[in-house]
Amino acid sequence: MPSQNSIGGLPERGRAWFSRPAARAWTCPPAPAAVRDFHSRLPGFTSTPLTEIPALAEEFGVGRVFVKDESCRLGLPAFKALGASWAIHRVLDRRADGHPVRLVTATDGNHGRAVARMARLLGHRAHVFVPRGVPPAAEAAIAAEGADVTRVDGPYDEAVRRASEAADEPSAVLVQDTAWSGYEEVPGWIVEGYSTLFAEIDEQLGAAGAGPAALVAVPVGVGSLAQAAVAHYRRGPDGPAPALLSVEPDNAACVLASLVAGEAVSVTTGETIMAGLNCGTPSSLAWPCLRDGVDAAVTVTDAESAAAVRDLVALGVQAGPCGAASLAGVRAALGGAGQQGRRAALGVGPDSTVVLLSTEGTDANPALAARASVTSAGYVPPAMSDASFAPDAPFVSDNQVTRDA
């Protein structure tokens with residue numbers, strides 16, 4: 001079960017920031033090529049769009065900005081089906097007796113729906129535990145896939161504990177997208193599944209004549225998607241090595257707190273419209289990769305995520321609050337007082353290409369997306385050079401931690 005040291009070391013006021021540029025020199029093994037081959041054979045599989053947004057490039061003062069739009073992946077409104085499908089494929093390969101299996105998981109919404117969808121398509125049952133704060137519409141979408149849904153009166157970590165207990169029988173298998181000591185094989189398969197997304201980005205950037213990205217922004221919960229980003233972009237001298245920016249809610253920043261502490265720690269979480277990122281403990285499997293391979297981490301507020309949702313929708317990308325967190329995070333990193341130092345740490349200049357991962361669409365959690373509803377004003381770029389940017393969450397100098405290699 002998830003169990004790390006607890007910490008309350010992030011500020012109650014102000015934005016937290018961490019950077020370690022030496023991460024770009026670290027390397028690790030990539031995901032196996034068989035993952036993408038598997039996905040390409042799934043019915044209805046197609047690459048998701050990589051949409052260029054010139055208005056954001058002008059706002060950031062960079063060469064080009066692209067948004068990887070995961071609002072429709074294998075018929076679901078988030079990227080999670082990539083990991084769930086590959087992991088369940090590997091799980092069932094191990095169970096050659098052909099007997100029905102009950103797939104058990106905990107979720108903030110998207111992962112659980114993906115597990116439930118795969119279970120239904122393959123003729124198995126699913127049991128999904130959802131923590132406090134998951135909107136009823138997201139819970140109903142999971143149930144509509146034929147899954148049994150149990151609501152837990154507690155945070156995400158408690159839902160994971162309950163799911164682990166429920167899977168402790170011969171006919172059940174836990175398919176969880178976070179890892180802890182003794183439970184790392186299945187989460188590792190889930191991370192491998194996410195590699196298809198990054199392989200698509202490489203090809204799509206090449207097709208657009210953009211060249212490799214200088215900065216990739218990743219919304220982060222327990223860190224599994226960020227781990228996949230590290231595995232892809234730190235795979236050795238022959239691959240691209242962009243700066244990787246982790247973006248978390250300001251009241252659920254377990255990865256940033258861990259980076260600051262230098263060890264995996266847990267944080268107490270609060271309510272946030274970024275429900276899929278509302279996690280208090282990093283995955284034990286992800287943590288070593290994030291510690292050594294992530295360049296920078298930043299926190300964003302609900303208000304900033306909501307503004308990013310409105311802007312992305314106005315610019316043609318149907319992003320939910322979690323997906324829009326990447327835009328909010330890059331705005332925070334590249335704007336406001338001290339931006340030149342942060343730009344230098346990220347290696348971002350006027351000719352750079354920036355990629356934002358929009359990990360979910362507005363249909364993933366309609367109630368939360370509605371709270372970040374679109375206004376008739378459309379996209380209005382903020383003044384990136386204005387030192388008063390994001391006055392409700394200014395950067396706090398004490399938390400602008402820079403670690404050497």
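Keep in mind that what you see is a predicted model, and the values were worked out from it rather than measured.
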- prompt: Any Lys/Arg nitrogen of E185 or R94 sitting under 4.0 Å from an Asp/Glu carboxylate oxygen of the other?
  reply: yes

- request: Return the minimal non-hydrogen interatomic distance between A275 and C322, and the atom names on each side.
  value: N-SG, 3.9 Å

query: Could K80 and D177 be called an ion pair, given the rule that one side-chain N must be under 4.0 Å from one carboxylate O?
result: yes

task: Please report the shortest heavy-atom distance between G154 and P131, naming the atom on each side.
output: O-CB, 3.4 Å

message: Nearest 0.5 Å, please: how far is CE in M118 from CG in L92?
response: 8.5 Å

statement: Distance col, row I190:CD1 vs S283:OG, nearest 0.5 angstrom, shows 9.5 Å

query: Can you check whether V175 reaches I88 side chain to side chain, under 4.5 Å on heavy atoms?
result: yes

task: Apply salt bridge (charged side-chain N to carboxylate O under 4.0 Å, His left out) to R73 and E360, showing your working.
output: CA-CA 9 Å; R73 172 69 78 172; E360 66 173 11; over 6 Å; no

query: Side-chain contact, heavy-atom cut-off 4.5 Å: T359 with L225?
result: yes

- request: Would you indicate whether the side-chain heavy atoms of Q204 and S47 approach each other to under 4.5 Å?
  value: yes

task: Heavy atoms only: give me the nearest P242-V216 pair and the separation to one decimal.
output: CG-CG2, 3.9 Å

query: Roughly how far, to the nearest 0.5 Å, is the CZ atom of R24 from the CG atom of L244?
result: 8.5 Å

task: Using only heavy-atom distances, determine whether the side chains of T48 and E70 contain a donor-acceptor pair under 3.5 Å.
output: yes

query: Can you say whether the rings of Y233 and F198 are parallel (under 30°), tilted (30 to 60°) or perpendicular (over 60°)?
result: perpendicular

field: Distance, nearest 0.5 Å, that separates NE2 of H232 from SG of C28
entry: 11.0 Å

task: Go through the side-chain N and O atoms of E184 and S284 and say whether any donor and acceptor fall under 3.5 Å apart.
output: yes

query: Pick from I201, V247, L327: which one makes a side chain to side chain contact (heavy atoms under 4.5 Å, CB included) with L357?
result: I201

query: Under a 4.5 Å cut-off applied to non-hydrogen side-chain atoms, are L312 and V67 in contact?
result: yes

query: Would E165 and R161 pass as an ion pair if we require N to O under 4.0 Å?
result: yes

- request: Verify, without hydrogens or angle tests, whether S85 (side chain) and A81 (backbone) share a donor-acceptor contact under 3.5 angstrom.
  value: yes

- prompt: Do H39 and T196 have side-chain atoms, one donor and one acceptor, less than 3.5 Å apart?
  reply: yes

Exam field: side chain Y183 to backbone L174, donor-acceptor pair closer than 3.5 Å: yes

query: Does a donor on one side chain sit under 3.5 Å from an acceptor on the other, for E169 and S171?
result: yes

- request: Taking only Lys NZ, Arg NE, NH1 and NH2, and the carboxylate oxygens of Asp or Glu, determine whether R36 and E192 approach each other closer than 4.0 Å.
  value: no

query: Is E263 salt-bridged to R291, going by a charged N under 4.0 Å from an acidic O?
result: no

- prompt: Can you find a pair of side-chain heavy atoms, one from T51 and one from F66, that are under 4.5 Å apart?
  reply: no

field: Interatomic spacing from CD1 in I142 to CZ in R117 - rounded to 0.5 Å
entry: 12.0 Å

statement: Separation between CG (D93) and CH2 (W189), nearest 0.5 Å, reads 8.5 Å

- prompt: Can you check whether T27 reaches R235 side chain to side chain, under 4.5 Å on heavy atoms?
  reply: no

field: Residue that, paired with V267, satisfies side chain to side chain contact (heavy atoms under 4.5 Å, CB included) out of P282, S258, C279, C254
entry: C254

query: Closest approach of D108 and V134, non-hydrogen atoms and distance?
result: O-CG2, 3.6 Å

query: For the salt bridge (Lys or Arg N to Asp or Glu O under 4.0 Å) test, which of R310, R15, R331 pairs with E304?
result: R15

Audit row: V355, L205, side-chain contact (heavy atoms from CB on, under 4.5 Å) steps and yes/no: CA-CA 9 Å; V355 174; L205 285 175; 4.1 Å; yes

Donor on one side chain, acceptor on other, T299 and E248, under 3.5 Å: no

task: Mark yes or no for whether S266, through its side chain, and T281, through its backbone, hold a donor-acceptor pair below 3.5 Å.
output: no

field: Atom of N110, atom of A78 and distance for their closest heavy-atom approach
entry: CG-CB, 3.4 Å

message: With a 3.5 Å distance limit and no angle check, can you tell me whether H124 reaches the backbone of R102 through a side-chain donor-acceptor pair?
response: no

message: Using modelled atom types and a 3.5 Å cut-off, is there a donor and acceptor pairing between side-chain atoms of Q176 and backbone atoms of A106?
response: yes

- request: Grab the two heavy atoms, one from A55 and one from Y379, that are nearest each other, plus how far apart they are.
  value: O-OH, 3.4 Å

message: Within the structure provided, determine whether V300 and M274 are in side-chain contact (heavy-atom separation under 4.5 Å).
response: yes

- request: Any chance you could lay out the side-chain contact (heavy atoms from CB on, under 4.5 Å) test for S71 and T362, step after step, and finish with the verdict?
  value: CA-CA 7 Å; S71 61; T362 52; over 6 Å; no

Residues, nucleotides or ligands: over 12 heavy atoms within 6.0 Å of D37 CG: yes

- prompt: Can we say R64 and E52 salt-bridge, meaning some charged N sits less than 4.0 Å from an Asp/Glu carboxylate O?
  reply: yes

Donor-acceptor side-chain pairing of T272 and N278 below 3.5 angstrom: no

task: Apply side-chain contact (heavy atoms from CB on, under 4.5 Å) to L334 and R342, showing your working.
output: CA-CA 7 Å; L334 302 186; R342 293 189 296 276; 5.9 Å; no

query: Within a strict 4.5 Å, meaning less than it, do heavy atoms of the E203 and L50 side chains meet?
result: no

field: V152 and R132: CA distance, side-chain angles, deciding distance, side-chain contact (heavy atoms from CB on, under 4.5 Å) verdict
entry: CA-CA 6 Å; V152 176; R132 181 177 57 232; over 6 Å; no

message: Please determine whether a side-chain nitrogen of the Lys or Arg among D295 and R20 lies less than 4.0 Å from a carboxylate oxygen of the Asp or Glu.
response: no

field: R113/E139 salt bridge by N-O under 4.0 Å criterion
entry: no

field: Test salt bridge (charged side-chain N to carboxylate O under 4.0 Å, His left out) applied to R162 and D153, step by step
entry: CA-CA 11 Å; R162 292 279 303 277; D153 186 20; over 6 Å; no

